[in-house]
Amino acid sequence: MLLPEPHRTGRIGWLRAAVLGANDGIISTASLMVGVAAASSSRRDIVVAGVAGLVAGALSMAAGEYVSVSSQADTERAELNRERRELTEDPVFELQELTDIYIARGLRPELAADVAKELMAKDALATHMRDELGLSDVLSARPVQAAFASAGSFAVGAVLPLATAVLAPSLGSFAIAGASLVSLCGLGGLSAKIGGGPPVNAAVRVMFWGALAMALTAAAGSLFDLAV
Ligand SMILES: [Zn+2]
């Protein structure tokens with residue numbers, strides 16, 4: 001696209017991904033630490049579990065995001081090349097194809113032909129990418145950026161339960177769980193605000209899943225405590 005367009009939806013997508021990454025970081029790291037705390041009273045074990053969870057989680061987020069965005073970028077690039085080739089090899093067919101698309105969307109045939117002709121004269125490739133393939137921003141997928149953003153937001157979330165365990169060691173699991181639930185509540189409200197949904201529902205949903213994850217890992221950990 002050559003035209004400047006408002007990137008509001010793009011920014012929302014990015015913010016939403018960051019909030020979700022932080023949610024993941026809080027829930028999985030806090031659960032891991034609470035689970036280890038249920039099996040062992042050693043503060044060192046709990047902190048090691050948190051640090052390992054942060055590193056493993058951030059890298060697994062980065063890997064997943066990199067792979068998924070890369071394959072999206074490959075697909076977009078292949079579509080772009082195919083479209084570019086078709087436009088040079090058979091411009092008449094491509095013009096008719098675009099005209100048919102506009103007719104299907106409700107334009108009169110003569111108007112559709114005029115619109116197709118004028119848009120193709122301006123930027124044929126961008127027009128086909130947008131109206132035929134539905135790709136509004138040509139090659140918008142950025143794998144490395146996406147990987148860093150996911151890993152970073154996960155790590156930010158994971159630092160929270162970790163810092164709680166380091167700063168308030170005497171309070172143990174309760175401090176980790178409490179601080180995590182409070183932050184999840186805040187992030188849930190924030191993500192609802194970004195997306196325009198009701199904040200209370202979003203906060204309750206994410207707190208429910210966070211509490212469930214911590215309760216189940218604590219239960220799993222306490223099995224080992226009984227066994228020893
Ligand atoms: Zn085409």
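Whatever order the structure lists ligands and atoms in, that order sets their numbers, starting from 1.
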Give every protein N, O or S atom lying under 2.8 Å from the Zn ion (ligand 1), naming each by residue and atom.
E83 OE2, E94 OE1, E97 OE1, H128 ND1, E132 OE1
Sequence neighbours left out, what pairs pass side chain to side chain donor-acceptor pair (under 3.5 Å) with at least one residue falling in residues 83-94?
N81-R84, R82-E86, E83-H128, E94-H128
With a 3.5 Å distance limit and no angle check, can you tell me whether T29 reaches the backbone of I26 through a side-chain donor-acceptor pair?
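Such a contact is absent between T29 side chain and I26 backbone.
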Please find the pair of heavy atoms, one from T99 and one from A112, that lie closest to each other, and give the distance.
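Answer, listing the atom of T99 first, then A112: O-CB, 3.6 Å.
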Shortest non-hydrogen contact from S180 toward P161:
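Minimum heavy-atom contact is OG-CB, 3.9 Å.
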Cluster overlap L160 with I27, hydrophobic side-chain contacts below 4.5 Å
no
Just how far is it from atom OG1 of T164 to atom CE of M33, taken to the nearest 0.5 Å?
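Nearest 0.5 Å value for the OG1-CE distance: 7.5 Å.
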